[in-house]
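As structure tokens, the structure follows; a few thoughts come after it.
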Amino acid sequence: MVAHDLRVETLIVRGRAEGVFRTDLPIAWLVDVPHSVMRSAADEIRAGRLTAGRAADRITATVLAAFTSPGKPVPEPGTGT
């Protein structure tokens, strides 16, 4: 496992322990989600369907939704709630 994956895994484990991240999907899957979303954003930018300026907002919204426990409201980016 590379260092950035270990940092993401540590964050997921902590988020689960605090009750803010979903527990119904494997940790390894959730570790890969941000990387996959970023790769997809890069593909969309190259294809001209997304601007680099909008990519961060899209990545953030997608990852927040992916990590939020089912049935809980997805927090607004930047609010911490």
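What you see below is based on every heavy atom in this structure, not just the backbone, and it leaves out hydrogens, waters and symmetry mates. All residue numbers refer to positions in the sequence shown, counting from 1.
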Do P75 and T68 come within less than 4.5 Å of each other through their side chains, counting heavy atoms only? yes
According to side chain to side chain donor-acceptor pair (under 3.5 Å), does anything in residues 26-35 pair up with another residue at least two apart or in another chain? List the pairs. D5-H35, D32-S36
Rounded to the nearest 0.5 Å, what's the gap from OG1 on T60 to CZ on R58? Could you check? 12.0 Å
With rounding to the nearest 0.5 angstrom, report the CD1 to CD1 distance, I12 to I27. 6.5 Å
What heavy-atom pair brings V33 and A66 nearest, and what distance separates the two atoms? CG1-CB, 3.9 Å
Nearest 0.5 angstrom please: L30 CG to L25 CG, how far? 5.5 Å
Any side chain to side chain donor-acceptor pair (under 3.5 Å) pairs touching residues 41-55, not counting sequence neighbours? D43-R46, E44-R49
On a heavy-atom basis, the closest approach of R22 and P70 is NH2-CG, 3.4 Å
Is any side-chain heavy atom of S69 less than 4.5 Å from a side-chain heavy atom of V20? no
Identify whether F67 and V37 are in the same connected component of the hydrophobic contact network (ILVMFWY, side-chain heavy atoms under 4.5 Å). yes
Between CG on residue D57 and CG on residue L50, distance to nearest 0.5 Å: 9.5 Å
Taking all atoms of both residues into account, what is the closest heavy-atom pair of I45 and A52, and its distance? CD1-CA, 3.9 Å
